[in-house]
Amino acid sequence: MPKFYITTSIPYVNARPHVGHALEFVQTDVIARYRKAKGYSVSLTTGSDENSLTNVLAAEKLGIGVRELCDANSLLFRSMADRIGLSYDAFVRTSADKDHAAVAEAIWGRCSKSGDIYRKKYKGLYCVRCELYYTESELVAGLCPEHKVKPEVVEEENYFFRLSRYQDRILELVEKGTVRITPDGRKNEVLSFVKSGLEDFSISRSVKRAHGWGIPVPGDPSQIIYVWFDALGTYLTGAGMPSDMKRFGKLWPADVHVIGKGIARFHAVYWLAMLISAGLELPREIFIHGYVTIEGQKMSKSIGNVVDPIDMIEKYGADPLRYYLIKNVSTFEDGDFSEKALREAINSELVGNLGNFVNRTLTFISSKLDGKIEEQELGEGALAMKNVAGLVDDVDALLADGQLNAALLKVMEISGMGNKYFQDSEPWKLVKEGDGPAAREVLFVCANICRILGIVAWPFMPAASEKLLGYVGCGTHNFAQARKLVKKFAVVRPQILFSKVE
RNA sequence: AGCGAGGUAGGGUAGCCUGGAGUGCCCGCCGGGCUCAUAACCCGGAGAUCGGUGGUCCAAAUCCACCCCUCGCUACCA
């Protein structure tokens with residue numbers, strides 16, 4: 001069985017999860033489940049990024065300890081992962097996972113051995129209030145854009161990573177697609193960034209600047225490893241490094257890193273260089289999604305429009321939220337979230353289209369045909385099955401290509417087709433007229449379409465899919481089964497798959 | 001400012017590369033049909049100067065030029 005190793009990025013835990021995080025979890029999970037349904041042995045790593053100054057500052061603001069903040073918020077992220085159905089195998093906490101500290105140290109050691117780490121004085125414009133360095137161009141009239149104060153010139157000796165050395169190598173890897181950057185637009189951005197010239201970057205902070213929070217530099221307790229230099233290592237930690245190198249040997253390299261557009265560079269440039277330097281294999285693909293806006297506006301605390309995915313799950317369920325995030329948010333561009341649109345999608349698409357088709361089919365079979373249906377000679381129904389088969393191929397191809405949004409539309413087309421076939425065939429009339437065989441043919445076809453729907457919907461809406469497959473008595477969600485005709489069904493009277501919202 | 005992506009009915013999209021009646025899809029809206037089904041489903045309809053201007057061509061959403069608007073990227077900052 002071929003392996004497939006996929007990761008989500010690890011969010012900072014300075015605040016609660018928002019729908020943007022949910023989007024990434026869902027996209028990642030859809031890809032992971034699709035691969036499972038294709039017969040891959042899939043592993044998925046997620047986690048939380050905790051060794052950052054942002055978290056320290058957030059904790060100070062709240063008047064609690066960093067440890068406390070990280071524990072609490074990490075738990076929230078984990079809880080969201082669980083509730084949204086993210087099928088993860090490892091949840092790495094960068095500040096609490098012993099293996100992870102070991103990984104960070106190992107990466108450091110390996111890069112150092114390659115001669116890519118050196119000490120250098122760093123001089124920059126530092127805003128004490130932000131606790132951040134600014135470049136000249138970021139300043140507004142020479143002042144910090146946030147606090148309108150003049151930044152201080154601060155000098156600090158740090159460790160640097162010799163990124164410049166890898167410019168040509170990265171350019172080639174990305175250009176040739178050895179490391180695939182999806183979508184192409186992002187790939188071009190990465191290329192233009194690399195072409196503009198790569199400079200070495202600082203990979204440590206003084207303990208003071210880091211407020212003593214983070215993983216110490218091996219052999220130099222006065223310095224803390226820069227958060228990104230440790231955070232990226234979670235992908236290795238999750239694969240088993242260093243405690244289970246057998247597992248790691250099987251899983252690494254990652255097949256896909258799913259990330260948001262804001263951190264593309266860290267993955268497509270820094271991470272690749274770090275891995276080359278450390279003598280480790282490179283990920284095969286970096287999959288970059290857009291951001292979620294709320295009712296057309298950027299999500300922000302000051303506007304107060306942050307949407308809590310856990311609230312949405314409690315209100316509408318995980319599958320409907322998953323459905324919405326894939327269907328209404330384009331896979332690679334920014335997309336919008338609105339509760340109104342979510343409700344409309346549930347009522348008209350999940351309830352009205354998919355849920356109704358399943359319900360009318362299964363209810364019909366159980367009330368009019370004793371719940372049993374067997375293979376029939378196919379007349380008109382053969383064409384319907386052929387069309388469905390074509391759509392299954394489409395779903396498969398689109399998912400393989402990462403076009404999650406388009407794939408889900410095709411899934412919905414299948415139930416749309418089922419509804420139309422059911423309607424046009426009017427089996428209820430056939431039953432009244434006493435034409436049993438004709439009615440049985442229609443329902444035999446519809447039962448198969450339901451089953452196929454259950455299979456292709458599984459990556460997107462696993463709970464509903466499993467329920468549905470249970471009703472038709474076919475447990476498997478393996479994609480290959482979607483291309484076969486099941487000959488005999490014993491159907492149970494279904495419960496409603498999705499409930500209408502008022 | 002430089003580089004890149006995009007502007008198609010009320011919203012969201014496909015079509016553009018390889019010109020040929022504004023052709024399609026998902027919602028919303030209006031009307032009709034049906035009754036197996038969660039007032040659901042099926043059919044039909046209204047609604048677009050395809051960002052603007054000019055050009056090439058028998059013919060342009062599609063090719064070219066210019067302009068307007070939106071959005072991304074431009075390093076140590078999710």
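Keep in mind that the numbers below use all heavy atoms, side chains included, and drop hydrogens, waters and symmetry copies. Every chain is numbered from 1, with letters handed out A, B, ... down the list of sequences.
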A:D200/A:K120 ion pair, N-O < 4.0 Å: no

Closest to the [X] side chain, choosing from [options]:
X	options	result
A:L163	B:G72, B:A75, B:C76	B:A75
A:N356	B:C36, B:A75, B:C41	B:C41
A:K261	B:C36, B:U38, B:G72	B:G72
A:F498	B:C36, B:U38, B:C42	B:U38
A:N359	B:G72, B:U38, B:A75	B:U38

Comparing A:Y270 and A:Q495 on RNA chain B - which has the more 5′ nearest nucleotide: A:Q495

Pairwise 5' ranking along RNA chain B for A:S499 and A:S52, keeping only the more 5' one: A:S499

Classify the angle between the aromatic ring planes of [X] and [Y] as parallel (below 30°), tilted (30 to 60°) or perpendicular (above 60°).
X	Y	value
A:W228	A:F266	parallel
A:Y270	A:F201	parallel
A:Y166	A:F161	parallel

Does any nucleotide pair with [N] by Watson-Crick or G-U wobble geometry, both distances under 3.5 Å, and what is it?
N	result
B:G54	B:C64
B:G19	none
B:C73	B:G2
B:C34	none
B:A48	none
B:C25	B:G12

For nucleotides [N] and [M], find the distance between their [atom1] atoms and express it as a whole number of Å.
N	M	atom1	result
B:U8	B:C50	C1'	4 Å
B:A14	B:A9	C1'	15 Å
B:C64	B:C16	C1'	14 Å
B:C26	B:G22	P	22 Å
B:A37	B:A46	C1'	29 Å
B:C41	B:C34	C1'	8 Å

Looking at every strand, decide which applies to [X] at a 4.0 Å heavy-atom threshold: base, sugar-phosphate, or nothing.
X	result
A:L198	base
A:K410	nothing
A:L497	base
A:F422	base
A:I203	nothing
A:G355	base
A:Y291	base
A:G418	nothing
A:S367	nothing

Summary of ring-ring contact (aromatic ring centres under 6.0 Å, His included) pairs that have at least one residue in residues 333-353 of chain A, sequence neighbours excluded: A:Y324-A:F337

Can you measure [X] atom [atom1] to [N] atom [atom2] for me and round it to whole angstrom units?
X	N	atom1	atom2	result
A:H267	B:A75	NE2	C1'	16 Å
A:D230	B:C76	CG	P	19 Å
A:L191	B:G72	CG	C1'	16 Å

Per-nucleotide protein contact string for nucleotides 24-34 of chain B, where B marks a base within reach and S marks sugar-phosphate only (heavy atoms under 4.0 Å, - for neither): --SSS----BS

Ring centers of A:W108, A:Y159 separated by less than 6.0 Å: yes

Phosphate OP1/OP2 of B:A37: any A:K368 side-chain N/O under 4.0 Å: no

For A:D401, side-chain contact (heavy atoms from CB on, under 4.5 Å) partners two or more places apart: A:R180, A:Q403

Under 3.5 Å: donor-acceptor pair, side chain of A:N158, backbone of A:S202: no

Min side-chain heavy-atom separation A:V269-A:L198 under 4.5 Å: yes

